K.L.:
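Below you'll find the structure I mean.
Counting starts at 1 for both ligands and their atoms, in listed order. Just so we're clear, the structure is a prediction, and the values are computed from it rather than from any experiment.
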Amino acid sequence: MKIFVINPGSTSTKIALFIDEKPVWVAGAHHTADDLSEFHHVNEQYEYRKDFILRLLSEADIPLDFDAVIARGGLLKPTPGGVYAINEQMRHDLLNARMEHACNLGALIADEIARECHCPAYIADPEVVDELQPAARLTGIPEIERISIFHALNSKAVSRKYAASIGKHYEELNLIVVHLGGGISVGAHCKGRVIDVNNALNGEGPFSPERAGTIPGDQLAELCFSGKYTLKQVKKMLNGKGGLTAHLGMNDVVTIARKASEGEEPYKGVLDAMLYTVAKQVGAMYVTLRGQADAIILTGGIAHSDYCVAVLREQIDYLAPVVLMPGEDEMGSLAYNALGALKGELPLQVYRPE
Ligand SMILES: Nc1ncnc2c1ncn2[C@@H]1O[C@H](COP(=O)(O)OP(=O)(O)OP(=O)(O)O)[C@@H](O)[C@H]1O
Ligand SMILES: CCCC(=O)O
């Protein structure tokens with residue numbers, strides 16, 4: 001079966017054609033700041049991104065003849081994990097999403113292309129997968145309820161892969177999955193459901209290459225009302241220009257880890273502190289799982305770093321076996337989900353948030 005996969009990121013668009021599980025054509029490109037500078041809202045990039053995809057397909061002589069089109073989800077309303085058929089409610093919620101992110105365009109473009117080829121259009125495990133247990137939702141301020149936003153697609157995909165590698169099902173295991181990317185999420189996967197996880201986009205949990213993580217509330221309130229910053233600037237400090245970027249002026253962990261491994265300051269102190277916040281979040285998720293974790297999976301780009309893995313391991317490996325699954329395979333995971341839905345092996349969910 002021919003499955004077309006679309007994955008728009010903030011600065012890139014990746015596409016791929018799979019024949020069943022096999023990627024037979026992979027394409028895409030980085031969009032420079034200049035390319036995107038004329039757009040004031042991410043929704044305005046719709047035609048630009050769609051035309052870019054159609055041009056790549058046409059240049060590769062690939063006709064619009066697919067059995068399914070699947071896209072990375074988007075910042076929809078909270079919803080359980082799984083593979084979803086794109087519907088009107090989803091289109092509406094993506095066009096009116098609370099947060100701007102290029103991933104919001106994926107389903108919209110997939111839907112249009114699928115209509116042309118008269119095939120189904122899907123998304124799977126969007127960032128907003130919400131399987132939080134009730135106690136994980138409350139904060140001490142009743143108006144502020146915690147929201148689940150994390151690397152659901154990759155975290156669930158590596159969990160399934162790990163489970164298969166030991167002859168088990170994801171739904172049989174308790175796992176702590178640590179996604180170490182530009183953003184960092186650490187989730188407690190209890191028998192296939194992510195019952196707690198830090199919101200990787202909204203100022204919660206470990207700090208990361210580009211995000212501030214948890215900030216002491218009182219000091220954050222003082223900063224917001226200091227008159228020195230606009231709301232937009234504070235939001236950028238939390239997400240985009242926070243974390244390693246704020247401390248070191250870069251988000252490149254390859255360089256930072258090399259300097260840290262040579263003992264160079266401030267790189268070592270800052271990177272070690274980031275990893276300490278990750279280890280603390282692993283500890284919290286261990287408690288969420290009542291100490292019954294079958295494994296701690298380290299994934300995402302930073303899990304390629306021997307230095308980071310060693311520093312983390314030393315702080316967490318007495319809790320449960322640490323399993324390394326570096327990088328991510330979002331395109332493969334999306335194709336897997338589309339194929340499962342087409343074959344009837346994965347239940348097709350209906351997006352119908354409360
Ligand atoms: N070999 C490596 N060694 C150390 N760090 C690496 C390596 N490869 C990538 N990284 C770091 O991983 C981070 C990016 O990870 P990844 O590609 O998983 O994130 P992303 O897709 O940009 O963001 P996110 O995962 O939050 O969606 C960057 O900080 C990058 O420097
Ligand atoms: C958690 C959402 C994905 C990202 O890090 O951008």
K.L.:
For the pair His31 and Phe52, name the ring-plane relationship: parallel under 30°, tilted 30 to 60°, perpendicular over 60°.
P.N.:
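His31 and Phe52: perpendicular rings.
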K.L.:
Could you find the nearest protein heavy atom to atom 25 (O) of ligand 1 and give me its residue, atom name and distance?
P.N.:
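The closest heavy atom on the protein side is His179 NE2, 2.8 Å.
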K.L.:
Using a 4.0 Å cut-off to any heavy atom of Phe150, which atoms of ligand 2 qualify?
P.N.:
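With Phe150 as reference, the close atoms of ligand 2 come out as 1 (C).
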K.L.:
Can you measure from CD (Glu100) to CG (Asn43) and round to the nearest 0.5 angstrom?
P.N.:
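Interatomic distance, Glu100 CD to Asn43 CG, rounded to 0.5 Å: 7.0 Å.
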K.L.:
List every atom of ligand 1 that sits less than 4.0 Å from any heavy atom of Gly301, numbering the atoms from 1 in the order shown and giving each element.
P.N.:
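Taking each heavy atom of Gly301 in turn, ligand 1 has 2 (C), 5 (N), 6 (C), 7 (C), 8 (N), 9 (C), 10 (N), 12 (O), 15 (O), 16 (P), 18 (O) under 4.0 Å.
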K.L.:
Among all protein heavy atoms, pick out the one at the shortest distance from atom 4 (C) of ligand 1; state its residue, atom name and that distance to 0.1 Å.
P.N.:
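Checked against all protein heavy atoms, atom 4 (C) of ligand 1 sits closest to Ser305 CB, 3.5 Å.
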K.L.:
Looking only at protein heavy atoms, identify the closest one to atom 1 (N) of ligand 1 and say how far it is in Å.
P.N.:
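So the nearest neighbour among protein heavy atoms is His304 CB, 3.2 Å.
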K.L.:
Please lay out, stage by stage, how Lys50 and Glu47 fare under the test salt bridge (Lys or Arg N to Asp or Glu O under 4.0 Å).
P.N.:
CA-CA 5 Å; Lys50 186 190 75 184; Glu47 291 296 330; 3.3 Å; yes
K.L.:
Should we say atom NZ of Lys235 is surrounded by more than 12 heavy atoms from elsewhere, each under 6.0 Å from it?
P.N.:
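Atom NZ in Lys235 is not packed in, count stays at 12 or less.
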K.L.:
Please confirm whether Glu210 approaches ligand 1 to less than 4.0 Å, judged on its heavy atoms.
P.N.:
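Flag not set, Glu210 not near ligand 1.
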K.L.:
Is there a heavy atom in His101 that sits closer than 4.0 Å to ligand 2?
P.N.:
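It does, in that a heavy atom of His101 comes within the 4.0 Å cut-off of ligand 2.
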K.L.:
Identify, by atom number and element, the atoms of ligand 1 in contact range of Val254, meaning under 4.0 Å from any of its heavy atoms.
P.N.:
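Ligand 1 atoms under the 4.0 Å threshold to Val254: 2 (C), 3 (N), 4 (C), 5 (N), 6 (C), 7 (C), 31 (O).
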K.L.:
With nothing but distance in play, are any N or O atoms of Gly300 less than 3.5 Å from an N or O of ligand 1?
P.N.:
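Looking only at distances, the answer is no, because the N/O contact criterion of under 3.5 Å is not met.
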K.L.:
Protein non-hydrogen atoms only, distance under 4.0 Å: does atom 29 (O) of ligand 1 have such a neighbour?
P.N.:
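Looking at atom 29 (O) of ligand 1, one finds that a protein heavy atom does lie closer than 4.0 Å.
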K.L.:
Is it true that atom NZ of Lys168 has more than 12 heavy atoms of other residues, nucleotides or ligands lying nearer than 6.0 Å?
P.N.:
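No, the 6.0 Å shell around NZ holds no more than 12 heavy atoms from other groups.
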K.L.:
When you measure from atom 23 (O) of ligand 1 to each heavy atom in Gly9, Gly327, Gly182, Pro209, which option holds the nearest one?
P.N.:
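Among Gly9, Gly327, Gly182, Pro209, the closest heavy atom to atom 23 (O) of ligand 1 belongs to Gly182.
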K.L.:
Around atom OH of Tyr276, are there more than 12 heavy atoms from other residues, nucleotides or ligands closer than 6.0 Å?
P.N.:
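Result for OH/Tyr276: open.
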K.L.:
Below 4.0 angstrom from a heavy atom of Ala200, which ligand 2 atoms are there? Numbered from 1 as shown, please.
P.N.:
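Answer, ordered by atom number: 1 (C).
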K.L.:
Just checking, is any N or O donor in the side chain of Asn154 or Thr299 under 3.5 Å from an acceptor N or O on the other one?
P.N.:
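There is such a pair (donor and acceptor under 3.5 Å, judged by atom type) between the side chains of Asn154 and Thr299.
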K.L.:
Does a side-chain N-to-carboxylate-O contact under 4.0 Å join Glu264 and Lys268?
P.N.:
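So Glu264 does not pair with Lys268 through a salt bridge.
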K.L.:
With atom 6 (O) of ligand 2 as the reference point, say which of Glu127, Glu210, Met99, Arg211 has the nearest heavy atom.
P.N.:
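Among Glu127, Glu210, Met99, Arg211, the closest heavy atom to atom 6 (O) of ligand 2 belongs to Arg211.
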K.L.:
Among all the protein's non-hydrogen atoms, which is closest to atom 15 (O) of ligand 1, and how far away is it?
P.N.:
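Here the nearest protein heavy atom works out to Gly181 CA, 3.4 Å.
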K.L.:
Any N or O of Glu328 that comes nearer than 3.5 Å to an N or O of ligand 1?
P.N.:
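Looking only at distances, the answer is no, because the N/O contact criterion of under 3.5 Å is not met.
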K.L.:
Got the closest protein heavy atom to atom 13 (C) of ligand 1, with its distance?
P.N.:
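Heavy-atom neighbour on the protein nearest atom 13 (C) of ligand 1: Ile302 CG1, 3.9 Å.
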K.L.:
Just which atoms of ligand 1 are under 4.0 Å from any heavy atom in Asp252?
P.N.:
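Near Asp252, the atoms of ligand 1 are 31 (O).
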K.L.:
Could you tell me how the ring of His151 sits relative to the ring of His179: parallel (under 30°), tilted (30 to 60°) or perpendicular (over 60°)?
P.N.:
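His151 vs His179 ring planes: parallel.
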K.L.:
Per the side-chain contact (heavy atoms from CB on, under 4.5 Å) rule, which among Leu275, Ile256, Leu244 passes with Val270?
P.N.:
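Answer after filtering Leu275, Ile256, Leu244: Leu244.
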K.L.:
Looking at non-hydrogen atoms alone, which of Thr245, Val253, Leu153 comes nearest to atom 31 (O) of ligand 1?
P.N.:
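Looking at heavy atoms only, Val253 sits closest to atom 31 (O) of ligand 1.
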K.L.:
Nearest non-hydrogen atom to atom 26 (O) of ligand 1 belongs to which of Ala200, Gly243, Gly183?
P.N.:
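Among Ala200, Gly243, Gly183, the closest heavy atom to atom 26 (O) of ligand 1 belongs to Gly183.
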K.L.:
Counting heavy atoms only, which part of Asn154 comes closer than 4.0 Å to ligand 1: side chain, backbone, both or neither?
P.N.:
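Neither; nothing of Asn154 gets under 4.0 Å from ligand 1.
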K.L.:
How about Arg137: does its CZ atom have over 12 heavy atoms from other parts shown lying under 6.0 Å from it?
P.N.:
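Count over threshold, so yes.
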K.L.:
Give me the one residue out of Arg72, Lys156, Arg160 that meets salt bridge (Lys or Arg N to Asp or Glu O under 4.0 Å) with Asp125.
P.N.:
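Only match with Asp125 under salt bridge (Lys or Arg N to Asp or Glu O under 4.0 Å): Arg160.
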K.L.:
Quick check: Arg72 and ligand 1, any N/O pair under 3.5 Å apart?
P.N.:
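Not met; the criterion fails.
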K.L.:
Between Glu112 and Arg115, is the closest basic N to carboxylate O distance under 4.0 Å?
P.N.:
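A salt bridge is absent here (no side-chain N lies under 4.0 Å from a carboxylate O).
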K.L.:
I'd like to know if atom 21 (O) of ligand 1 has any protein heavy atom within a distance of less than 4.0 Å.
P.N.:
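For atom 21 (O) of ligand 1 the answer is no, since every protein heavy atom stays at 4.0 Å or beyond.
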